[in-house]
Amino acid sequence: METVRLKKISIKSWCILLGLCILFLGMLAAFGVGVYNDSEQYITMHIHREPLYPLFLALFRKVCGDGYLTVAAAAQGILTAAGIWLFAEYITRYFKLCLWEQMLVILIQIVPHVMTRYVSALHIFLESSVMSEALCIPLFHFFLYFLLRMLFEQRRRDRILALVFAFLLSMTRGQMMITILLWMVLFLLQMILQKKYKLLIVPVIAVAVVFGMRSLTVHLYNYAVTGYFMGNTYGKVNTLTNVIYACDEEDREVFEEGSLEQKFFDCFYAEADAMGLNYKYGGETFRQRAEHLEKYHDVLKFQVLEANLSAYYFGLGEVDYYQQSSMSDEMAGVMLKKLLPACFGQWLYDYILLCSGGFVRSIAVVHPLINLIAFLFYGVSVFLVMWLIFYGRQYDTAWIMGTALLFIAANVCATSITIMCLSRYMIYGFSFFYTALYLSLRGFCVHLWNGGRNGIS
């Protein structure tokens, strides 16, 4: 265990940070601010969106007035540059990388930003866009920095700061609540390996407190914005969408005859069937089924579920949008509890389809040939973790590779429960994985080289 201090920063490091700032601000100058379908929801502080990014935009709107989106995008670019620089600087110093290795680590961090511009379906440059990912990505780099310090140096301050950034991430994107759980799992593993069993309750209590704080903060934020003390809505509608996709017509029998839930189900199923929006129309092959589900998830959600729920609750009269959203979410929750056990087998199959796409998009782009290579990379990574632990005795490298794999698995599995795994949801694991993979391969090759020179078979 070695304490790495970043107080003394070389001219070389300052130049790298400046170069990263120029890159991201240059992309903003070249492409301008990206405003997309979801952007308006962040700007208007929509009930579906977590608080931190709307508040981030509101701060710049308050300070800068007209043109605030350009200033906010510039701040996003600078934060992204700082996050990449801090993470790469720490990795370089801790693992004693040379200059070309440091530049490789930095390049790995930049690649996903280029991919979302030129490879993904949306063709967006995230850091110049009004999207929560533009703030979430630099926050994730700061989180990784303190998380790795927690693992390698085991200082209380780093544990606290890692948890703080996990909280901020969860307030930016709901899916990133997994970082809070990741923090807890890694802390627990550390305590178990050090046989400090009496301290196992500490991370559990800390996580319970943080989740409580998150829920309270979201409720208070929504109360300030909407006048309703409530959490974000439509998460359950998202989840119900994939369940309806997996249902058969006879699944209506799980509801009481003539109940409102059954009427909604009949409506959902009839429209989905007429539009070809359930699993029966997905095709024969694994690939066809996955593509069909991903293509029509949003169509099923918006044009069938949300349209019918909204029409019914608005039709009651004297119901505003926030009440309708809350009632729709409540109804979706009731239907979920009864429907999921009835269609669990088909839902699980579809869930595996979504996960498979998510695992590929976490480290590559979906393509029949690339898919096989991606899972081969995962196999190599698992082998390297085992080798680093049981033979190479390079525990710090094993920590970083194991953490990268654990994060990707958690992100994919959590996201697939509610929605399809788009590239911009999976982007967080890409650079972390390839940085860890390089360090693992480096450790493996150095060990073999030193072993060969010393005559070790």
Side-chain angles (χ1 to χ4, degrees), residues 38 41 46-50 173-175 177 230-256 258-282 289-290 292-316 319 321-355 357-358 412-422 425:
D38 291 347
Q41 293 189 359
H46 198 281
I47 191 69
H48 293 180
R49 300 300 176 178
E50 289 77 11
R173 284 200 65 82
Q175 77 183 84
M177 285 190 284
M230 60 193 296
N232 295 121
T233 57
Y234 270 71
K236 293 174 183 176
V237 175
N238 260 330
T239 305
L240 180 63
T241 301
N242 286 345
V243 173
I244 293 293
Y245 181 89
C247 283
D248 292 306
E249 187 173 10
E250 56 266 26
D251 292 331
R252 69 187 301 275
E253 297 173 6
V254 302
F255 302 112
E256 184 178 344
S259 65
L260 181 58
E261 294 94 330
Q262 190 179 70
K263 291 177 181 177
F264 272 128
F265 177 85
D266 290 341
C267 181
F268 295 159
Y269 185 85
E271 290 189 20
D273 189 56
M275 298 168 67
L277 301 181
N278 65 25
Y279 77 95
K280 293 185 294 184
Y281 301 93
R289 294 281 289 275
H292 184 268
L293 175 53
E294 291 181 344
K295 181 178 180 180
Y296 292 110
H297 170 94
D298 278 355
V299 178
L300 178 59
K301 178 176 67 176
F302 291 120
Q303 296 186 25
V304 178
L305 271 70
E306 185 172 355
N308 283 285
L309 287 167
S310 299
Y312 174 80
Y313 287 115
F314 279 134
L316 297 178
V319 174
Y321 179 78
Y322 303 109
Q323 292 171 314
Q324 176 268 318
S325 294
S326 180
M327 288 187 280
S328 295
D329 223 34
E330 184 178 354
M331 174 57 68
V334 172
M335 295 182 69
L336 269 173
K337 290 179 182 178
K338 295 184 178 181
L339 275 178
L340 186 55
C343 67
F344 183 78
Q346 182 59 50
W347 175 88
L348 181 61
Y349 181 85
D350 296 335
Y351 177 73
I352 293 171
L353 293 178
L354 293 175
C355 285
V412 169
C413 293
T415 303
S416 297
I417 290 175
T418 58
I419 199 169
M420 61 283 193
C421 294
L422 299 178
Y425 303 153

With heavy-atom distances below 4.5 Å as the criterion, would you say the side chains of [X] and [Y] are in contact?
X: Arg289; Y: Tyr349; result: yes
X: Leu309; Y: Phe268; result: yes
X: Ile244; Y: Asn278; result: no
X: Leu422; Y: Thr415; result: no
X: Asn232; Y: Arg49; result: no
X: Glu271; Y: Asn308; result: yes
X: Val254; Y: Phe265; result: no

Atom of [X], atom of [Y] and distance for their closest heavy-atom approach:
X: Ile47; Y: Ser325; answer: CG2-OG, 4.3 Å
X: Ser326; Y: Met230; answer: CB-CE, 3.6 Å
X: Tyr425; Y: Met420; answer: CD1-O, 3.4 Å
X: Tyr269; Y: Asp248; answer: CE1-C, 3.7 Å
X: Glu261; Y: Met331; answer: CG-SD, 3.6 Å
X: Cys247; Y: Leu339; answer: SG-CD2, 3.9 Å

Applying ring pair (Phe, Tyr, Trp, His ring centres under 6.0 Å), run through Phe255 and Phe264 and close with a yes or a no. CA-CA 10 Å; Phe255 302 112; Phe264 272 128; 9.9 Å; no
Other residues, nucleotides, ligands: >12 heavy atoms within 6.0 Å of [X] [atom1]:
X: Tyr279; atom1: OH; value: yes
X: Glu256; atom1: CD; value: no
X: Lys295; atom1: NZ; value: no

Could you walk me through whether Leu277 and Tyr245 pass the side-chain contact (heavy atoms from CB on, under 4.5 Å) test, one step at a time? CA-CA 7 Å; Leu277 301 181; Tyr245 181 89; 5.6 Å; no
List the steps, then state whether side-chain contact (heavy atoms from CB on, under 4.5 Å) holds for Ile417 with Cys413. CA-CA 7 Å; Ile417 290 175; Cys413 293; over 6 Å; no
What's the separation between atom [atom1] in [X] and atom [atom2] in [Y], rounded to the nearest 0.5 Å?
X: Leu353; Y: Leu348; atom1: CG; atom2: CG; answer: 10.0 Å
X: Leu240; Y: Glu306; atom1: CG; atom2: CD; answer: 12.0 Å
X: Gln346; Y: Lys280; atom1: CD; atom2: NZ; answer: 10.5 Å

Of Asn242, Thr241, Asp350, which is the lone residue that meets side chain to side chain donor-acceptor pair (under 3.5 Å) with His297? Asn242
How are the rings of His46 and Tyr321 set relative to one another: parallel (under 30°), tilted (30 to 60°) or perpendicular (over 60°)? perpendicular
Among side-chain atoms of Tyr281 and Asp273, is any donor-acceptor pair under 3.5 angstrom? yes
Would you say the side chains of Ser328 and Gln324 form a donor-acceptor pair under 3.5 Å? yes
What do the steps show when you test Asp329 against Val237 for side-chain contact (heavy atoms from CB on, under 4.5 Å), and what is the final call? CA-CA 6 Å; Asp329 223 34; Val237 175; 3.8 Å; yes
Check the pair Leu340 / Thr239 against side-chain contact (heavy atoms from CB on, under 4.5 Å), numbers first and verdict last. CA-CA 10 Å; Leu340 186 55; Thr239 305; over 6 Å; no
Between Asp266 and Lys263 (salt bridge meaning N to carboxylate O under 4.0 Å), is one present in this structure? no
